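Atoms considered below: every heavy atom in the structure, side chains included; atoms not considered: hydrogens, waters and symmetry mates. Just so you know, these numbers come straight off a predicted model, no measurement behind them. Sequence positions, counted from 1, serve as the residue numbers for this chain.
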Amino acid sequence: MSMKHNHPFHLVDYSPWPLTGALGAFITVSGMIMWFHQFNNKLLLLGNLILILTMIQWWRDITREGTYQGLHTMPVIYGLRYGMILFIISEVFFFVSFFWAFFHSSLSPVIEIGSIWPPKGINPFNPLQIPLLNTVILLSSGLTVTWAHHSILENNYNQAIQSLFFTVILGLYFTMLQAYEYYEASFTISDAIYGSTFFMATGFHGLHVIIGTTFLIVCLLRQIFSHFSKNHHFGFEASAWYWHFVDVVWLFLYISIYWWGS
């Protein structure tokens with residue numbers, strides 16, 4: 001039950017969603033292990049279902065708090081801003097580990113892989129084909145999400161919806177092309193250190209694109225329902241920051257792994 005407080009901060013109500021989210025994550029990881037070793041994906045699908053339902057309910061509660069109940073005051077929004085900034089910084093260091101592994105292995109290739117990079121038997125992707133197209137797609141999506149931000153700041157309802165829609169389409173298109181690229185790959189994650197670093201770095205980036213696209217879809221639906229205004233739109237602003245982070249990481253991936261590393 002909510003209680004009145006004599007301060008501008010928001011103390012969240014009791015919620016089951018952190019517990020169900022942790023349970024869904026545990027079942028998902030356990031299901032992945034079962035899928036890898038026993039080729040049974042039922043537990044993985046169950047974990048994904050729990051996570052999806054948890055996200056829907058949790059986002060619903062946060063949307064209600066910030067939009068209808070007026071609980072996201074300016075001090076609360078400042079706290080959310082700092083929290084999002086720290087989260088993105090943690091994500092930067094997450095990807096630093098993959099780049100570290102890639103450059104450590106490529107700048108000084110060991111004798112087990114022939115002392116050359118890429119290792120013998122590895123046929124890397126042509127950086128001027130799908131990788132270049134994906135680069136153009138993500139850069140274009142960065143422009144459209146900036147267009148959406150300026151449209152919200154100018155209270156232009158229709159252009160905000162249009163630009164967000166284009167951003168979501170570009171994000172989905174990127175994911176489809178990356179899935180096709182993986183399907184056509186001549187090497188796998190088990191092919192020496194090149195396969196490991198390539199699929200770990202690009203795969204986790206692809207996961208972040210899927211998360212960012214989902215984030216933007218939620219913002220698109222909220223914009224359709226007029227949840228955002230010129231002075232109150234941090235939900236969208238956080239998704240825009242995250243999307244720009246995804247863009248920048250891809251540029252480093254393209255330049256280092258696809259272009260220089262090939």
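- The side-chain heavy atoms of Phe228 and Glu237, taken from C-beta on, include no pair separated by under 4.5 Å.
- Leu207 and Tyr242 fall within a single hydrophobic cluster, where Ile, Leu, Val, Met, Phe, Trp and Tyr side chains are chained together by heavy-atom contacts under 4.5 Å.
- Of the possible donor and acceptor atoms, none in the side chain of His104 sits under 3.5 Å from a partner among the backbone N and O of Trp100.
- Linking Ile, Leu, Val, Met, Phe, Trp and Tyr whenever their side-chain heavy atoms come within less than 4.5 Å puts Met200 and Phe93 in one cluster.
- Proximity of Ile116 to Pro109: side-chain heavy atoms (C-beta onward) are nowhere separated by under 4.5 Å.
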Take Trp58 and Ser15 through the side-chain hydrogen bond (donor to acceptor under 3.5 Å, both in side chains) test and state the conclusion after the steps.
-> CA-CA 9 Å; Trp58 206 340; Ser15 172; 5.1 Å; no
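- Counting heavy atoms from C-beta outward, Tyr258 and Leu132 have side chains that stay 4.5 Å or more apart.
- Side-chain contact check for Leu133 versus Tyr173: some heavy-atom pair is nearer than 4.5 Å.
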Under the side-chain contact (heavy atoms from CB on, under 4.5 Å) rule, what do His244 and Thr146 come out as? Steps first, then yes or no, please.
-> CA-CA 9 Å; His244 288 308; Thr146 303; 3.4 Å; yes
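- Here the side chain of Thr175 pairs no donor or acceptor atom with the backbone of Ile210 at under 3.5 angstrom.
- Heavy-atom neighbours of Phe26 CZ from other residues, nucleotides or ligands within 6.0 Å: at or below the threshold of 12.
- Side chains of Trp250 and Asn134: a donor-acceptor N/O pair is absent below 3.5 angstrom, by distance only.
- For the atom pair CD1 (Ile130) and CZ (Phe174), the distance works out to 11.0 Å, reported to the nearest 0.5 Å.
- Residues Val168 and Thr213 approach most closely at O-CG2, 4.0 Å, considering heavy atoms.
- In this structure, Gly235 and Arg222 approach most closely via the heavy-atom pair CA-NH1, 4.3 Å.
- Aromatic ring pairs are classed by plane angle as parallel below 30°, tilted from 30° to 60° and perpendicular above 60°; the pair Tyr194 and Phe198 is parallel.
- Between His72 and His232, the ring-plane angle classifies as tilted under the 30° and 60° cut-offs.
- Hydrophobic clustering, with ILVMFWY side chains joined whenever heavy atoms are under 4.5 angstrom apart, groups Trp117 together with Leu107.
- In this structure, Gln129 CD and Leu177 CG are separated by 12.0 Å, a value rounded to the nearest 0.5 Å.
- The heavy-atom pair separating Phe125 from Ala185 by the smallest distance is CZ-CB, 3.5 Å.
- Ser163 approaches Thr167 most closely through the heavy-atom pair O-OG1, 2.8 Å.
- Residue Trp147 is not grouped with residue Leu143 when hydrophobic side chains (ILVMFWY) are merged at heavy-atom distances under 4.5 angstrom, including chains of intermediate members.
- No more than 12 heavy atoms of other residues, nucleotides or ligands shown are found within 6.0 angstrom of CH2 on Trp35.
- Between His208 and Phe215, the gap from one ring centroid to the other reaches at least 6.0 Å.
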Kindly determine whether Leu23 and Leu19 satisfy side-chain contact (heavy atoms from CB on, under 4.5 Å), including the steps that lead there.
-> CA-CA 6 Å; Leu23 180 64; Leu19 179 60; 5.7 Å; no
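- Annotation: side chain of Leu170 is not in contact with side chain of Leu138 (no heavy-atom distance under 4.5 Å).
- To the nearest 0.5 Å, atoms OG (Ser140) and CG (Asp247) are separated by 9.5 Å.
- One finds the OG1 atom of Thr135 at 12.5 Å from the CH2 atom of Trp259 (value rounded to the nearest 0.5 Å).
- Hydrophobic clustering (side-chain heavy atoms under 4.5 Å, transitive across Ile, Leu, Val, Met, Phe, Trp, Tyr) keeps Leu221 apart from Trp59.
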For the pair Met84 and Phe234, evaluate side-chain contact (heavy atoms from CB on, under 4.5 Å) and give the outcome as yes or no after the intermediate values.
-> CA-CA 10 Å; Met84 191 66 192; Phe234 177 73; 4.1 Å; yes
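- Contact annotation: the side chain of Leu139 approaches that of Leu251 to within less than 4.5 Å [non-hydrogen atoms, C-beta and beyond].
- The backbone N or O of Phe102 sits nowhere less than 3.5 Å from a side-chain atom of Ser105 that would complete a donor-acceptor pair.
- A donor-acceptor pair is defined here as one N or O able to donate and one able to accept, closer than 3.5 Å; such a pair exists between the side chain of His233 and the backbone of Lys230.
- In this structure a side-chain-to-backbone donor-acceptor pair under 3.5 Å is present from Ser90 to Phe87.
- Classification of the Phe204-Phe98 ring pair by plane angle, with boundaries at 30° and 60°, yields parallel.
- Heavy-atom neighbours of Phe199 CZ from other residues, nucleotides or ligands within 6.0 Å: above the threshold of 12.
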Criterion side-chain contact (heavy atoms from CB on, under 4.5 Å) on Tyr157 and Ile152, from CA distance to verdict | CA-CA 7 Å; Tyr157 177 83; Ile152 292 175; over 6 Å; no
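- In this structure, the side chain of Thr144 does not engage the main chain of Phe166 through any donor-acceptor pair within 3.5 Å.
- Taking OG1 of Thr197 as the reference point, atom CD1 of Ile193 lies at 5.0 Å (rounded to 0.5 Å).
- Of all the heavy atoms in Val209 and Trp243, the pair that sits closest is O-CZ3, 3.6 Å.
- Using a 4.5 Å heavy-atom cutoff, the side chains of Gln178 and Tyr183 are not in contact.
- For the pair Phe95/His205, a side-chain contact is recorded, criterion being any heavy-atom separation below 4.5 Å from C-beta on.
- Rounded to the nearest 0.5 angstrom, Cys219 SG and Ile224 CD1 are separated by 11.5 Å.
- Of all heavy-atom pairs between Ala160 and Ser151, the closest is N-CB, 3.5 Å.
- Heavy atoms from other residues, nucleotides or ligands lying under 6.0 Å from CZ of Phe103 number more than 12.
- If you check the side chains of Thr202 and Tyr182, you find a donor sitting under 3.5 Å from an acceptor.
- Using modelled atom types, one side-chain atom of Tyr254 and one backbone atom of Pro127 make a donor-acceptor pair closer than 3.5 Å.
- A donor-acceptor pair is defined here as one N or O able to donate and one able to accept, closer than 3.5 Å; such a pair exists between the side chain of Asn156 and the backbone of Gln159.
- More than 12 heavy atoms of other residues, nucleotides or ligands shown are found within 6.0 angstrom of CE on Met74.
- Atom CZ of Phe94 is surrounded by more than 12 heavy atoms from other residues, nucleotides or ligands within 6.0 Å.
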